[in-house]
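Only one structure is covered here, and it is reproduced in the block below.
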Amino acid sequence: MLKNQLAESIVENGIIYQLAEDGCYYPQLSLEQKTDYVIGKYGIMRGEYMMKYHRHEYLKMLMDGTWNQYLHEVDEECHKEVELAVKRIMVKEGVNEPLKKENPMEWVKRVNEIKARVEEIMFEDMIYS
């Protein structure tokens, strides 16, 4: 009965409100993102950190549609930094093609160790800061 007397929807301050069964108006909000990138492990980790420890910044980016873009940029930057740092350390520590040909298992072990060290620093500097 109340529903017949009230408008189905109203617009106020640029927000559309729809009339519900209970006779109350509820805003029709959407959190559409401007981009739709697939997010890798560094972006996911940064996202979880932001949601937990920087909730205000997370909600701001979510509301203005830049959350996905931000996580994508963090993920890309971390991947590039890890790749460059691993290459520099490999040169410095002599993890090279001759070692790879002579002892492939040792080469893989040392590359993985280098990557783990670099990622540990990356987590502290770029993900959890």
Side-chain angles (χ1 to χ4, degrees):
M1 182 156 111
L2 242 178
K3 195 170 183 179
N4 293 339
Q5 298 169 354
L6 300 173
E8 281 292 314
S9 64
I10 58 173
V11 178
E12 191 170 308
N13 294 327
I15 300 174
I16 299 171
Y17 294 86
Q18 294 285 40
L19 184 63
E21 295 284 325
D22 62 3
C24 294
Y25 285 99
Y26 294 98
Q28 299 300 302
L29 302 174
S30 73
L31 300 176
E32 290 185 30
Q33 296 295 299
K34 296 175 183 172
T35 58
D36 189 27
Y37 294 112
V38 174
I39 307 300
K41 84 175 187 179
Y42 301 119
I44 291 169
M45 292 170 77
R46 178 64 179 175
E48 290 173 351
Y49 175 79
M50 293 287 291
M51 284 186 260
K52 188 170 183 178
Y53 296 105
H54 297 281
R55 191 114 179 115
H56 177 74
E57 292 176 44
Y58 155 68
L59 290 172
K60 183 178 179 261
M61 286 187 272
L62 188 65
M63 296 298 269
D64 69 12
T66 59
W67 180 241
N68 181 259
Q69 177 69 33
Y70 171 75
L71 294 180
H72 174 71
E73 289 170 1
V74 167
D75 191 60
E76 289 290 309
E77 184 178 350
C78 289
H79 276 289
K80 287 177 188 173
E81 290 295 324
V82 166
E83 185 178 328
L84 291 173
V86 167
K87 285 180 182 178
R88 283 193 306 267
I89 294 170
M90 284 175 65
V91 168
K92 184 178 178 181
E93 294 183 3
V95 181
N96 50 27
E97 287 300 314
L99 176 62
K100 187 176 181 180
K101 288 180 183 174
E102 292 170 15
N103 192 345
M105 292 305 287
E106 179 66 20
W107 183 86
V108 168
K109 175 185 163 201
R110 291 182 61 189
V111 169
N112 287 340
E113 287 172 351
I114 291 168
K115 186 173 181 183
R117 290 188 316 217
V118 168
E119 282 188 333
E120 187 174 327
I121 294 167
M122 179 71 56
F123 296 152
E124 292 174 18
D125 291 348
M126 295 183 77
I127 304 295
Y128 303 128
S129 62

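Every heavy atom of this structure was used, including side-chain atoms; hydrogens, water molecules and symmetry mates were not. Note that the coordinates shown come from a computational prediction; the quantities given were computed from them, not determined experimentally.
Remark: the backbone N or O of T66 is paired with a side-chain donor or acceptor of D64 at under 3.5 angstrom. Between the side chain of Q69 and the backbone N or O of K34 there is no donor-acceptor pair closer than 3.5 Å. With hydrogens and angles disregarded, a donor-acceptor distance shorter than 3.5 Å links the side chain of D75 to the backbone of G40. Between the side chain of E8 and the backbone N or O of L19, no donor-acceptor pair lies under 3.5 Å.
Annotation for V82 and Y42: closest pair CG2-OH, 3.6 Å, computed over non-hydrogen atoms. When every heavy atom of I127 is checked against every heavy atom of C78, the shortest pair comes out as CD1-SG, 3.7 Å. The minimum heavy-atom distance between L6 and Y25, with the atom names listed, is CB-OH, 3.4 Å. In this structure, S129 and E124 approach most closely via the heavy-atom pair CB-O, 3.6 Å. The two residues Q33 and L62 have their closest heavy-atom pair at NE2-O, 3.2 Å. Considering every non-hydrogen atom in both Y58 and M50, the closest pair reads CB-O, 4.0 Å.
Atom NZ of K115 is separated from atom CE of M90 by 11.5 Å, given to the nearest 0.5 angstrom. Here Y49 contributes atom OH and M126 contributes atom CE; the two are 13.5 Å apart, rounded to the nearest 0.5 Å. In this structure, the separation between CG on N68 and OG1 on T35 is 3.5 Å, given to the nearest 0.5 Å. Distance check: R110 CZ to E93 CD gives 6.5 Å after rounding to the nearest 0.5 Å. Here E76 contributes atom CD and H79 contributes atom NE2; the two are 7.0 Å apart, rounded to the nearest 0.5 Å. We find the CG-CZ distance between L71 and R46 to be 9.0 Å, quoted to the nearest 0.5 Å.
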List the steps and the verdict of side chain to side chain contact (heavy atoms under 4.5 Å, CB included) for W107 and K101. CA-CA 9 Å; W107 183 86; K101 288 180 183 174; over 6 Å; no
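Under the 4.5 Å side-chain heavy-atom criterion for grouping Ile, Leu, Val, Met, Phe, Trp and Tyr, M105 is not connected to I114 through any hydrophobic cluster. Residues Y128 and I121 do not share a hydrophobic cluster, defined by chaining ILVMFWY side chains whose heavy atoms lie under 4.5 Å apart. Under the 4.5 Å side-chain heavy-atom criterion for Ile, Leu, Val, Met, Phe, Trp and Tyr, Y26 and V11 are members of distinct hydrophobic clusters. Tracing side-chain contacts under 4.5 Å through hydrophobic residues (I, L, V, M, F, W, Y), one never reaches V38 starting from W67; they form parts of separate clusters. Taken together through direct or relayed side-chain contacts under 4.5 Å among Ile, Leu, Val, Met, Phe, Trp and Tyr, L84 and I89 form parts of separate hydrophobic clusters.
Identified under the ring pair (Phe, Tyr, Trp, His ring centres under 6.0 Å) test for residues 81-101, with sequence neighbours left out: none.
Side-chain contact between R117 and E113: absent, with no pair of heavy atoms (C-beta onward) separated by less than 4.5 Å. In this structure the side chain of V95 never reaches within 4.5 angstrom of the side chain of E106, judged on heavy atoms. V108 has its side chain out of reach of P104: every pair of non-hydrogen atoms, C-beta onward, lies at least 4.5 Å apart.
The number of heavy-atom neighbours closer than 6.0 Å to CD1 of I16, taken from other residues, nucleotides and ligands shown, is 12 or below. Residue M63 qualifies as open at atom CE: its count of foreign heavy atoms under 6.0 Å is 12 or below.
Under the 4.0 Å criterion applied to side-chain N and carboxylate O atoms, E83 and K87 are assigned as salt-bridge partners.
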